[in-house]
Amino acid sequence: MSDTPHTLPYAGIRVVEFTHMVMGPTCGMLLADLGAEVIKIEPVGHGREGDATRKLIGSGAGFFPMFNRNKKSVALDLLTPEGKEAALKLIATADVVSENFKPGTMQKLGLDHASLKTLNPRLIYVSHKGFLPGPYEHRTALDEVVQMMGGLAYMTGRPGDPLRAGTSVNDIMGGMFGAIGAMAALAQREKTGLGQEVQSALFENNVFLVAQHMMQFAVTGKAAAPMPARISAWAVYDVFQVKDGEQIFLAVVSDTAWKTFCEAFGFADLLADERLRSNNDRVRAREWMLPALRQRLAQHSAAELAAVFEANALPFAPITQPQDLFDDPHLNATGGLAPIALPDGRPAKAVLLPLTLDGERPPVRLSPPKLGEHNVEVLTALGYSPAQARALGLPD
């Protein structure tokens with residue numbers, strides 16, 4: 001773990017988050033990675049034992065360790081007067097509050113924006129929801145729900161077979177936009193002295209993702225075809241099955257690249273073929289050209305093709321499974337992975353933010369916290385005794 005660098009841009013900013021699942025925690029993780037002190041309020045009592053994602057299995061098993069690093073955990077029963085009072089005392093010291101519960105939940109707790117801005121006029125309140133206010137706002141949304149209704153699943157799957165994207169794209173990006181909104185509000189607070197409410201939503205995020213296809217229709221008058229059925233803008237831009245059943249993605253996207261490709265593999269006949277003179281000619285010839293290329297390239301291994309493409313600065317990619325990335329030489333050489341301890345104590349590697357600040361990736365300062373790990377540290381600073389702080393984190 002790295003000591004807290006005072007050079008990180010949001011050092012000194014305190015964020016209190018009431019979040020679970022992916023969207024809200026992503027917002028907090030981004031702010032935490034950039035230096036903010038993020039305090040995660042986790043529910044206890046009434047059968048609750050912290051963020052429910054701590055116990056998810058299957059495709060949810062990575063949620064908590066991925067999106068809750070660099071945070072402190074304070075366990076409180078918000079349904080008791082004592083728990084709510086502790087939360088309000090903490091919020092009074094905060095710059096940002098972030099939440100992603102169903103509409104009305106925070107209002108019932110008296111922790112909505114309207115209630116809290118009177119307590120702390122400088123407070124920035126970030127609300128992550130399924131939909132921005134409007135006809136759909138009462139609906140319960142999930143990433144997959146908005147992918148289906150927002151055109152992304154249609155564009156990802158083959159015709160007649162809508163398919164969700166292979167990661168929580170709207171949850172993650174929705175949290176990113178929540179963080180961007182918080183950053184903008186912090187900048188504006190420097191001018192006005194006042195906080196404001198920021199809203200981010202899954203559905204609107206998804207529509208932003210497919211907006212390029214909407215604009216394609218606006219420009220051409222023709223509906224965008226699902227990506228697997230699209231007419232590619234480039235002639236060679238596909239996955240090839242090669243020697244020993246391996247697969248590799250290869251791309252040749254310009255006339256200059258086509259010349260380089262043909263010369264590298266000795267395809268003089270293709271280079272001289274008038275039917276393949278320009279990229280658009282090759283796109284129109286894909287029906288017969290691609291089978292011919294597949295046959296020629298199938299005699300090579302994926303490693304051989306990768307070596308030729310890399311030597312000639314042509315785009316290529318191995319077909320990689322997520323777990324293989326832990327051993328990726330580039331990620332390991334550039335510090336894109338950092339050691340953490342999982343909540344059960346086992347070591348793991350965390351994927352850092354995909355950016356650098358002055359040449360450095362924002363580091364892991366804290367591993368994903370144990371439930372209530374920071375009750376004493378955080379609450380004693382508010383005037384509670386260590387015994388009181390520990391008691392507030394215990395289920396009834």
Side-chain angles (χ1 to χ4, degrees), residues 21-27 56 58-60 62-63 66-67 100 102-103 128-181 199-241 247-251 253 279-280 282-284 286-287 290-291 294 315 317-322 325 354:
M21 299 302 283
V22 174
M23 190 184 189
T26 296
C27 174
L56 289 181
S59 62
F63 288 176
M66 175 61 213
F67 301 110
N100 71 321
K102 290 181 180 179
H128 303 84
K129 293 292 183 279
F131 306 89
L132 293 180
Y136 296 160
E137 66 181 299
H138 65 283
R139 295 186 185 179
T140 300
L142 300 168
D143 203 313
E144 199 149 340
V145 168
V146 300
Q147 287 194 40
M148 294 293 172
M149 68 183 292
L152 183 57
Y154 173 84
M155 290 303 301
T156 303
R158 300 184 186 279
D161 185 22
L163 179 69
R164 70 157 287 162
T167 187
S168 303
V169 287
N170 293 297
D171 279 312
I172 295 169
M173 281 190 63
M176 288 173 59
F177 278 113
I180 292 169
Q199 295 182 320
S200 175
L202 293 174
F203 177 63
E204 282 77 6
N205 182 84
N206 187 94
V207 173
F208 187 79
L209 282 172
V210 301
Q212 67 190 77
H213 305 303
M214 296 167 64
M215 293 309 297
Q216 179 182 339
F217 178 78
V219 171
T220 68
K222 297 179 181 178
M227 295 299 278
R230 74 192 185 282
I231 298 175
S232 176
W234 298 284
V236 181
Y237 198 75
D238 214 334
V239 174
F240 289 77
Q241 185 159 323
Q247 291 181 310
I248 186 170
F249 175 82
L250 304 174
V253 298
N279 177 71
N280 286 349
R282 293 188 294 275
V283 169
R284 285 187 284 265
R286 278 171 62 96
E287 187 174 349
L290 277 181
R294 292 186 193 282
I319 310 303
T320 302
Q321 295 185 28
L325 294 170

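All heavy atoms count here, side chains included; hydrogens, waters and symmetry mates do not.
- Atom CE of residue M215 and atom NE2 of residue H213 lie 13.0 Å apart, to the nearest 0.5 angstrom.
- The minimum heavy-atom distance between I172 and T26, with the atom names listed, is O-CG2, 3.4 Å.
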Open item on the list: Before you tell me yes or no, could you show the steps for Q147 and L209 under side chain to side chain contact (heavy atoms under 4.5 Å, CB included), namely the whole-Å CA-CA distance, both residues' side-chain angles and the distance that decides it to 0.1 Å?
Closed with: CA-CA 10 Å; Q147 287 194 40; L209 282 172; over 6 Å; no
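- The side-chain heavy atoms of D238 and R294, taken from C-beta on, include a pair separated by under 4.5 Å.
- Put simply, the side chain of N279 never gets that close to the backbone of W234: no donor and acceptor are under 3.5 Å apart.
- In terms of heavy atoms, E137 sits closest to L132 at CB-O, 3.9 Å.
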Open item on the list: Apply side chain to side chain contact (heavy atoms under 4.5 Å, CB included) to residues S232 and R286 and explain how you reach the verdict.
Closed with: CA-CA 10 Å; S232 176; R286 278 171 62 96; 4.1 Å; yes
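- Rounded to the nearest 0.5 angstrom, D171 CG and F63 CZ are separated by 7.0 Å.
- M148 and P162 get closest at one heavy-atom pair: SD-CB, 4.1 Å.
- Take E287 and apply the side chain to side chain donor-acceptor pair (under 3.5 Å) test, not counting sequence neighbours, and it matches no residue.
- A distance of 6.5 Å separates CG of L163 from OG1 of T156, quoted to the nearest 0.5 Å.
- Atom CD of residue Q199 and atom NZ of residue K129 lie 8.0 Å apart, to the nearest 0.5 angstrom.
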TODO: Please report the C-alpha distance between T320 and L325 in whole Å, then the side-chain angles of each, then the deciding distance to 0.1 Å, and finally whether the side chain to side chain contact (heavy atoms under 4.5 Å, CB included) criterion is met.
DONE: CA-CA 8 Å; T320 302; L325 294 170; 4.0 Å; yes
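- Residues P226 and G157 come closest through the heavy atom pair CB-O, 3.2 Å.
- For N205 (side chain) and G175 (main-chain N/O), no donor-acceptor pair under 3.5 Å exists by modelled atom type.
- When ring centroids are compared, F249 and F240 stay outside the 6.0 Å threshold.
- Ring geometry, F203 versus F131: the interplanar angle falls from 30° to 60°, so the pair is classed tilted.
- At least one side-chain heavy atom of Y136 sits under 4.5 Å from a side-chain heavy atom of M149.
- Scanning all heavy atoms of the two residues, the minimum distance from P25 to N100 falls at CD-ND2, 4.2 Å.
- Applying the 6.0 Å contact sphere to CZ of R158 captures no more than 12 heavy atoms from other residues, nucleotides or ligands.
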Task: Residue pair H128, M21: steps toward the side chain to side chain contact (heavy atoms under 4.5 Å, CB included) verdict - done: CA-CA 11 Å; H128 303 84; M21 299 302 283; over 6 Å; no
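- N170 CG to F177 CZ: the interatomic distance, rounded to the nearest 0.5 Å, is 10.5 Å.
- The distance from atom CG of L152 to atom CG of N206, rounded to the nearest 0.5 Å, is 5.0 Å.
- Closest approach of A225 to M155, counting heavy atoms only: O-CE, 3.0 Å.
- Within the 3.5 Å criterion, the main-chain N or O of G174 finds a donor-acceptor partner in the side chain of S200.
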